[in-house]
Every structure is written in C-alpha cells, then in structure tokens.
Colleague: 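The structure that follows is given in the form of structure tokens.
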2 protein chains.
Amino acid sequence: MLEKTTKRKANANLHVYIARSIGERILGGEFVPGEILPNEAQWGKAFGSSRTAVREALKTLTAKGLIASRPKIGSRVQPKIQWNLFDRDVLDWHHAAADRHDFLNSIQEVRHMIEPGVAELAALKRSPAQLERVLQAWNGMKTAKNLEHTVAADVEFHEALMAAANNALIVPFGIIIEKALGNLFDFTTQRNDRHTEALKMHGAIVKAVTARNGPAARKAMTVLLNDTDRLIEVTINPQAKAKPKTPKKTIQSDRT
Amino acid sequence: MLEKTTKRKANANLHVYIARSIGERILGGEFVPGEILPNEAQWGKAFGSSRTAVREALKTLTAKGLIASRPKIGSRVQPKIQWNLFDRDVLDWHHAAADRHDFLNSIQEVRHMIEPGVAELAALKRSPAQLERVLQAWNGMKTAKNLEHTVAADVEFHEALMAAANNALIVPFGIIIEKALGNLFDFTTQRNDRHTEALKMHGAIVKAVTARNGPAARKAMTVLLNDTDRLIEVTINPQAKAKPKTPKKTIQSDRT
DNA sequence: CAATAAGTATTGTATGACAAATATGGTCAA
DNA sequence: TTGACCATATTTGTCATACAATACTTATTG
C-alpha cells in the first residue's frame with residue numbers, strides 16, 4: 001500500500017491533488033470509517049511532498065467531514081453521517097461503482113421530494129430575468145446537437161429552475177442533479193425517440209412557470225420525474241421492465 | 001479593520017479558531033462575494049499567528065466553498081452559489097440577524113418539501129432498530145423537563161426519522177432541522193399549552209411509522225409542519241396573526 | 001494494586017526560504 | 001496612438017526544520 005501515485009493532473013495544486021487522491025480512496029472504501037490513516041510523514045513520502053502540502057490536504061478533507069485529526073492518534077475516517085454529501089468534490093470522488101445503483105436511487109428519491117416543490121416555487125416567485133434563464137435553457141435543449149449538449153442543457157434547465165425558486169437552500173441541489181443526469185448519461189445510449197418526448201415534458205414546465213401556475217408546474221415536474229424513473233429502471237436494470245417497486249410507487253404520489 | 005481579535009475558545013486549535021473568525025466575518029457580510037481578503041501575512045499579524053496556521057484555516061474555508069485563492073491575486077470571496085450551506089460550520093457562522101427571518105422561511109420551505117417524503121420513506125423502509133430510535137426520541141419529548149430538553153428531543157426525533165428513511169442524501173438535512181428548531185427556540189417563549197398539542201402530532205407520525213403506513217406518515221408530518229409554520233409566523237411576526245401568505249399556502253398542499 | 005510519573009508517537013505551530021503564478025506598468029516598435 | 005512584448009512586484013504554493021502540545025503506553029513508586 002501507499003505506492004507512489006502517478007499522473008498528477010496538471011493545473012491542480014499539489015495539496016489539491018493530494019486531497020483528491022486520499023478523498024477518492026476514502027470514498028472508494030479503501031479506508032473505512034473509524035480507521036486511522038497513515039500519518040502525515042508517511043503520506044508525504046508516498047506523494048513525494050512535504051508535510052505542509054499533506055497537512056493542507058488533510059485540512060480540506062477535515063472541512064468536508066471525511067476525517068478528524070488528533071495529536072498522538074492520527075487522522076481517523078469519520079462516520080459516514082458526517083460526510084458532506086452536498087459537497088461537489090465529495091460527490092465527484094464518490095464514483096465507486098459498487099453502490100452506484102443504490103446511490104442513483106437515493107438521488108431520485110430526493111428529486112421526487114424536492115423538484116415538484118421547486119417547480120411550484122419557481123412558478124410563484126420567479127423574476128423576469130430568472131424566467132429568461134429557464135427559457136434559454138429550454139432553448140438549449142431544443143437546439144442541442146448531440147447527447148452531451150442535451151445533458152448539459154438539461155442540467156442547466158433544472159438549475160435555472162432552482163435559482164428561480166429564490167431559496168438559498170435549494171441551490172446546493174444543483175450538484176445532485178448534475179450527478180444524476182451525468183450518471184444517466186453514462187448508462188443510457190443515444191435514443192432520439194425519447195428526446196422529443198422529454199422536450200415536451202420540459203415544455204409543460206416552462207409553460208406553467210411562465211404562466212405563474214404553481215400547481216401545474218408541480219404536476220408537470222412530477223410527470224417528468226416519473227418518466228425519468230422508468231428510464232433509469234430500464235437502462236440500469238434492463239430485465240425489470242415493469243416491476244411495480246412498491247416503495248417507489250407510493251413515493252411518487254405527489255399528485256396535486 | 002483587522003484589529004486583533006480576542007477570546008479564543010480554549011480547546012480549539014488555532015487554525016480552527018482562525019477559520020471560524022474569518023468565516024463568521026464572511027457570512028456576516030463584512031467581506032462580500034468578489035471581494036479580496038487581506039493576504040496571508042496580514043491575517044497572521046492580525047491573529048498573532050504564523051502563516052502556516054492562517055493557510056490551514058484558509059484551506060478549510062476553501063473546502064467549504066467560501067473562498068478561492070490564486071497567486072498574486074489573493075483569496076477572493078466566492079459567489080454565494082458556491083457556499084456549502086449544508087455544512088454545519090457554515091450554518092453556525094450564519095447567525096447574522098439581518099436575514100434571519102428570510103433564512104428561517106427558506107428552511108421551512110425546504111422542510112415542507114423533504115419531511116413528508118422522509119416520513120413516508122421511514123414508514124416503508126425502517127428497520128426495527130431505526131423504529132426503536134424514533135420511539136425513544138418520542139419518549140424523550142414526553143418526559144422532557146424544560147424547553148431545552150424538549151427542543152433537543154424534537155431534533156432527535158426528526159433526525160431519527162431521517163435515519164430511518166435509509167437514504168444517505170437525507171441525512172445532511174439534520175443540520176437544517178437543528179438550525180430551524182434552534183432558531184425557533186430562540187424566538188419562542190415557554191408555552192406549555194402548545195406542548196401537549198405538539199406531542200400529539202408527533203405521536204401520529206410515530207403511529208404511522210410503526211404501522212408501516214406511508215401515506216398516513218406523510219400526512220401527519222404535513223400537519224405538523226403546517227402547525228410549525230403558524231408558530232413561526234406568530235412568534236417572529238406577531239402582528240401578522242392570520243395573514244394568508246398565498247405562496248406559502250399553495251406550497252403546503254402536500255395533500256395525499 | 002493503584003496512582004503517578006516518564007517515555008513516545010503524532011499532530012499543531014512557528015520560521016525562513018524559495019518557486020510559481022500573474023496582474024501591473026513600462027518599453028519599444030509599427 | 002496603439003499594440004505586442006517584457007520586466008517587475010506581489011501573492012500564494014511548496015519545502016525543510018525545529019519545537020510545542022497532546023494523549024496513549026509503559027515504567028515507577030507508594
């Protein structure tokens with residue numbers, strides 16, 4: 001263990017690189033909660049760096065809730081409860097394929113809770129400029145040339161909607177959306193037939209938000225999410241074409 | 001500016017203290033997004049510390065999304081979008097009385113989105129041990145001797161419910177709940193008449209979760225939240241006894 | 001045997017030095 | 001005048017070394 005790691009991403013500072021390296025190994029399960037990491041000197045040797053750089057990296061990890069350090073003890077991996085899952089870095093490091101399906105499922109559950117409410121708030125509280133951003137994102141979806149552009153525009157659409165909700169606590173969910181749609185992008189294949197359908201559903205949201213119709217916005221978003229659920233089920237778990245999945249179903253009951 | 005700050009909390013490491021000091025001043029609006037902080041040497045002088053300690057503090061703030069540093073430029077306060085509002089420290093530093101009401105309102109909006117779904121998930125997916133924790137929290141509410149105990153038990157109740165939902169992304173909301181109920185604690189006066197009522201509403205949730213009745217759990221939680229809304233309105237904004245508040249009202253329509 | 005002291009490993013802090021990045025202003029040429 | 005280029009200064013980034021503070025482990029002592 002602790003073999004000298006290789007390719008350091010250019011442009012990144014050393015302590016950033018070290019933080020990412022260690023962070024990935026924690027998120028990947030190589031170091032489990034309660035376990036004590038190698039000490040700072042050992043990390044320094046492993047990365048061929050000074051203790052200073054290692055310490056700054058460890059402070060970063062501490063700030064994100066991944067570890068806690070104490071003299072004479074060392075740096076101990078914190079219980080997962082403490083991990084800051086709404087941190088973009090932490091989420092990026094969380095690419096262990098192991099529980100990918102479960103995690104994506106968790107994300108969808110949360111989206112079902114949040115996004116209908118977001119759509120409704122956006123419809124009610126949006127400013128003209130915020131509406132404009134939503135419209136432009138929708139336009140981006142319509143004119144997207146490939147799947148990558150489509151996903152980017154889709155993410156932008158949802159983030160614009162969140163911004164329009166005028167609630168500071170909603171903003172952090174943007175990274176969750178990115179993660180969800182990014183993962184979906186990984187799994188899904190080009191399927192242009194779905195594109196027009198998705199466009200229509202997003203259009204319904206746009207229409208409701210434009211008209212300041214809260215309940216309609218909520219409903220349109222719920223429809224969209226339910227459709228996404230089906231897509232996830234099919235792409236990730238192909239053999240389960242139409243399994244009812246009782247818990248999922250009841251959760252979806254956001255009917256207004 | 002930059003006068004030597006005083007009382008450093010014993011037990012806390014120097015870089016932790018420095019991070020909190022600067023963090024509070026950023027959250028308090030003393031340094032606004034886009035603004036460039038004093039450089040590391042200046043901070044060192046201000047705190048009577050070494051650059052090392054200052055740098056570790058700044059790395060902490062960087063990890064929480066509050067600042068970004070570049071050579072020759074300095075450390076610049078990030079746009080609020082980047083701030084990690086689901087970080088416990090950031091939330092603690094966010095005690096500027098200025099937008100307190102707005103922020104509490106944002107929290108309530110999010111609770112309305114999340115918690116009914118949480119209650120439903122908990123009812124459907126809880127383990128026996130997780131149910132036990134909920135029951136104990138409820139017991140704690142019943143036997144609480146003063147308002148402080150009541151609030152603590154109330155927080156524990158909601159966090160237990162979140163744990164029972166078995167969704168990793170839900171856990172971070174615990175700190176939001178703490179903040180909300182803590183603030184409520186600051187504003188509210190002892191009102192024992194409300195206590196029995198609150199107990200009853202929590203009891204309805206307990207009953208539904210015990211019976212694995214998802215929809216009932218959702219509904220009970222919605223009732224509780226609506227009541228909390230009224231409490232907040234009255235305690236914070238006493239003259240607005242029964243103002244309809246159209247946006248709020250429609251959001252509350254989580255009727256199943 | 002229990003309480004206390006000494007030893008020791010690890011993080012915390014300080015200091016000084018140099019490297020790397022980059023905004024700023026000045027120089028020179030077209 | 002204007003534009004490209006270059007030198008300079010400022011700030012963060014990294015390094016090396018030393019010592020302090022903390023808290024676990026072991027030895028010592030009553």
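No experiment lies behind these values; they were computed from the predicted model shown. Below, chains carry the letters A, B, ... as their sequence lines are ordered, and counting in each starts from 1.
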Colleague: What is the distance from CD1 of Ile73(B) to C1' of dT10(D), rounded to the nearest Å?
Modeller: 10 Å
Colleague: Taking side chain to side chain contact (heavy atoms under 4.5 Å, CB included) as the test, write out the residues that go with Glu40(A), two or more places apart.
Modeller: Arg51(A), Val54(A), Arg55(A), Leu58(A)
Colleague: Can you list every pair that meets salt bridge (charged side-chain N to carboxylate O under 4.0 Å, His left out) and has a residue in residues 150-178 of chain A, with sequence neighbours left out?
Modeller: Arg88(A)-Glu178(A), Arg133(A)-Glu156(A)
Colleague: Distances under 3.5 Å between protein N/O atoms and the N/O atoms of nucleotides 13-19 of chain D, please, pair by pair.
Modeller:
from: dG13(D); atom 1: OP1; to: Asn13(A); atom 2: ND2; distance (Å): 3.4
from: dG13(D); atom 1: OP2; to: Arg55(B); atom 2: NH1; distance (Å): 2.9
from: dG13(D); atom 1: OP2; to: Arg55(B); atom 2: NH2; distance (Å): 3.2
from: dG13(D); atom 1: OP2; to: Lys59(B); atom 2: NZ; distance (Å): 3.3
from: dG13(D); atom 1: N7; to: Arg51(B); atom 2: NH2; distance (Å): 2.8
from: dG13(D); atom 1: O6; to: Arg51(B); atom 2: NH1; distance (Å): 3.3
from: dT14(D); atom 1: OP1; to: Leu14(A); atom 2: N; distance (Å): 2.3
from: dT14(D); atom 1: OP2; to: His15(A); atom 2: ND1; distance (Å): 2.6
from: dC15(D); atom 1: OP2; to: Ser50(A); atom 2: N; distance (Å): 2.9
from: dC15(D); atom 1: OP2; to: Ser50(A); atom 2: OG; distance (Å): 3.0

Colleague: Can you list the residues that meet the side chain to side chain contact (heavy atoms under 4.5 Å, CB included) rule with Thr228(A), with sequence neighbours excluded?
Modeller: Gln108(A), Arg111(A), Leu184(A), Leu224(A), Ile232(A)
Colleague: Using a 3.5 Å cut-off and no angle test, enumerate the donor-acceptor pairs between side-chain atoms of residues 163-176 of chain A and protein atoms at least two apart in sequence or in another chain.
Modeller:
from: Asn166(A); atom 1: OD1; to: Gln130(A); atom 2: NE2; distance (Å): 3.0
from: Asn166(A); atom 1: ND2; to: Lys125(A); atom 2: O; distance (Å): 3.0
from: Asn166(A); atom 1: ND2; to: Gln130(A); atom 2: OE1; distance (Å): 3.0
from: Asn166(A); atom 1: ND2; to: Ala164(A); atom 2: O; distance (Å): 3.1
from: Asn167(A); atom 1: OD1; to: Leu169(A); atom 2: N; distance (Å): 2.8
from: Asn167(A); atom 1: ND2; to: Ser106(B); atom 2: O; distance (Å): 3.1
from: Asn167(A); atom 1: ND2; to: Glu109(B); atom 2: OE1; distance (Å): 2.8

Colleague: For nucleotides 4-6 of chain C, tabulate all protein N/O to nucleotide N/O atom pairs closer than 3.5 Å, reporting atom names and distance.
Modeller:
none

Colleague: Rounded to whole Å, please give me the gap between NZ in Lys72(A) and P in dA20(D).
Modeller: 18 Å
Colleague: Output all residues satisfying ring pair (Phe, Tyr, Trp, His ring centres under 6.0 Å) with His202(A), sequence neighbours left out; order by chain, then residue number.
Modeller: Phe157(A), His158(A)
Colleague: Using the side-chain contact (heavy atoms from CB on, under 4.5 Å) rule, pick out the option among Leu104(B), Ile107(B), Leu85(B) that qualifies with Lys179(B).
Modeller: Ile107(B)
Colleague: Tell me, do Leu161(A) and Met221(A) make a side-chain contact under 4.5 Å, heavy atoms counted?
Modeller: yes
Colleague: The criterion is side chain to side chain contact (heavy atoms under 4.5 Å, CB included); which residues satisfy it with Gln136(A), sequence neighbours excluded?
Modeller: Glu132(A)
Colleague: In whole angstrom, give the distance that lies between atom CG of Leu61(A) and atom C1' of dT11(C).
Modeller: 15 Å
Colleague: Donor-acceptor pairs under 3.5 Å, side chain of residues 70-82 of chain A to any protein atom, not counting sequence neighbours: which ones?
Modeller:
from: Ser75(A); atom 1: OG; to: Ser69(A); atom 2: OG; distance (Å): 2.6
from: Arg76(A); atom 1: NE; to: Gly34(A); atom 2: O; distance (Å): 3.2

Colleague: What is the bend of the helix from dC1(C)-dG30(D) to dA30(C)-dT1(D) when you compare the axis at one end with the axis at the other, using five pairs each and rounding to 10°?
Modeller: 10°
Colleague: Rounded to the nearest Å, what distance is computed from the CH2 atom of residue Trp43(A) to the C1' atom of nucleotide dT11(C)?
Modeller: 16 Å
Colleague: Rounding to a whole Å, what distance do you find between Ile36(B):CD1 and dT11(D):P?
Modeller: 10 Å
Colleague: Taking salt bridge (charged side-chain N to carboxylate O under 4.0 Å, His left out) as the test, write out the residues that go with Lys59(B), two or more places apart.
Modeller: none
Colleague: Of all residues at least two apart in sequence or in a different chain, which pass the side chain to side chain contact (heavy atoms under 4.5 Å, CB included) check with Glu24(B)?
Modeller: Arg20(B), Trp93(B), His95(B)
